[in-house]
Amino acid sequence: MNGAQAMVALFQRMGVPFISALCGNGLDPLLVAADAAGLRVIDTRNEQAAAYIADAYARLTGRLGVCAVSSGVAHVNALAGVTNAWYDGAPMLLISGASAAPGLGRGAFQDMDQVGMAAPVTKYTERVTQASRIPLAFREAVGAACGGRPGPVHLTITVDALQGSLPPDAIDRIGPLPKVAATRAAADPDELAHALALLANARKPVIVAGSCVFYAGAGEALRRFARQTATPVVVPIWDRSVIDTNWDTYMGVIGAASGEPDILTQADLILLLGAAVDYRVRYLDAPPLKPGVKVVRVTADASQMYQGVTPDVCILGDAHTVLDAWRDMWSAGELAPHTGWLEEARAASQAFYRRWTGDAGAALPARSAQAMNGGALVRAIQETLAGIDPEPVLLIDGGNIGQWAHMQLASERYPAHWLTCGASGVVGWGVPGAMAARLAYPERPVVLLSGDGALGFGLMEFESAARQSLPFVAVVADDCAWGIVATGQERASGRRLSCELGPADYAGVAQALGGRGVRAETPQAVKDAISDALRDRRPTLIQVPVTVGGPA
């Protein structure tokens, strides 16, 4: 076998169902090998889109997402998706092509330091110049991607390495490969006991559940422990979540530009469960947090133990194992739950979200007398999705409409099959993300809520989706602006600067690209359009005029 055939065989051993790609320099051997082996290739119109597909697939499933692009600027473009995976901790592999090894460093076609460029946003990066190195480099890269805190990895593989020969048993020598990002690490019993004592003695503890809870498969473990201890749970905005049903302990998202329930600032103990210390938790500064607030950190990544803060207790272990241990210890100690504080926190959360779940934003200025605001659009989507079984995968791409979605949709639940941009805060990943969701969950409907600005990055991928039979429904909030910026500028100075967009027939463009396009201007029209689109087998764009303005 050659190097490319070895790569494809390794993908299939891991259960990788597809690779997303854009053809070009150095990739032909890999594409030929994939075709011969029956490994599906999802090709795109832009390398960013290919990388976003791999990133979104990894973030939805916890399994390795694989993207292959050519060299030079193609590699640069793909780093957008890699960076997104880096922020969120998603297991993703970027394979970049390269000219033959003897010409590198001497001015070969698209000769550049691709490894050096990828290094700051990957857990592992290497240039492979010999076929014999491919299996071992793959094993090391995949181990890094799926181990500890998951994350993206990169291999630049020269075309002569992909064409080079390997013995038939080369891939058998490397042993088993992980099929999903999942680290199990038992924590130190003394540290577990110390942390649990702090939790038992706290008056107002709060659990901050980050993306690592999702990747550890710890959703049910968290639900049971939070309920057992009556401890409020919050999720940092943009993180992966596991709140699949209406938990009585879930208090919503924190870190949103439009505000949050006043819970974190009241806490006397913060339990960081696989969550980062950043702006979303106010950097754990006191003030605004209470002076003397205790911090317990749980992480499966030793490098993150003291990120941003020196905790009172730091536990090196995965969320699932730690929560199971704590639950047993709490029961054995017959410790009292924080019932009174939970009721107080729930009242604060409900009071905050009532501002957005009713007739929110009705007084905001309209672009036209008929246009809805973002809140009305989100409510129409919410009411439509509530009647669909199985529940659709929901993707949220956009600043202004993203704020509305978090204020109205994520107030009571935040399921694992909802996906946002992630901690990077990027916009423009949504259409490729919807393609990834269709690939990850062929049995579920897929609905993307996007802003018109975000849509501009991936609109051409409607052609890719239509050509490759990847249907989804994109509901586009069209306010002819970068709405979140326009709103902020108007509140600050009464002016808009470099944030307005011209009118465009996005529905018509989707239709021209082989998809389906419709326009909806009332909540009922939105509901009807979504219902109709879910019965169609083409990617559908529903263009909805909305006002400029978001949650205040």
Is any side-chain N of the basic residue among [X] and [Y] closer than 4.0 Å to the acidic one's carboxylate O?
X	Y	result
Arg413	Glu391	yes
Arg203	Glu344	no
Asp505	Arg519	no
Arg467	Glu463	yes

Tell me yes or no: between the side chains of [X] and [Y], is some donor less than 3.5 Å from an acceptor?
X	Y	value
Ser464	Glu461	yes
Thr44	Asn46	no
Asn77	Gln48	no
Asn84	Ser424	yes
Ser531	Asp528	no
Gln304	Thr299	no

Residue among Val475, Ile381, Leu449 satisfying side-chain contact (heavy atoms from CB on, under 4.5 Å) with Val544:
Val475
Take atom CD in Gln266; do more than 12 heavy atoms of anything else shown fall under 6.0 Å from it?
yes
Does NZ belonging to Lys204 count more than 12 external heavy atoms closer than 6.0 Å?
yes
I'd like to know whether the aromatic ring centres of Phe472 and Phe462 sit less than 6.0 Å apart in this structure.
yes
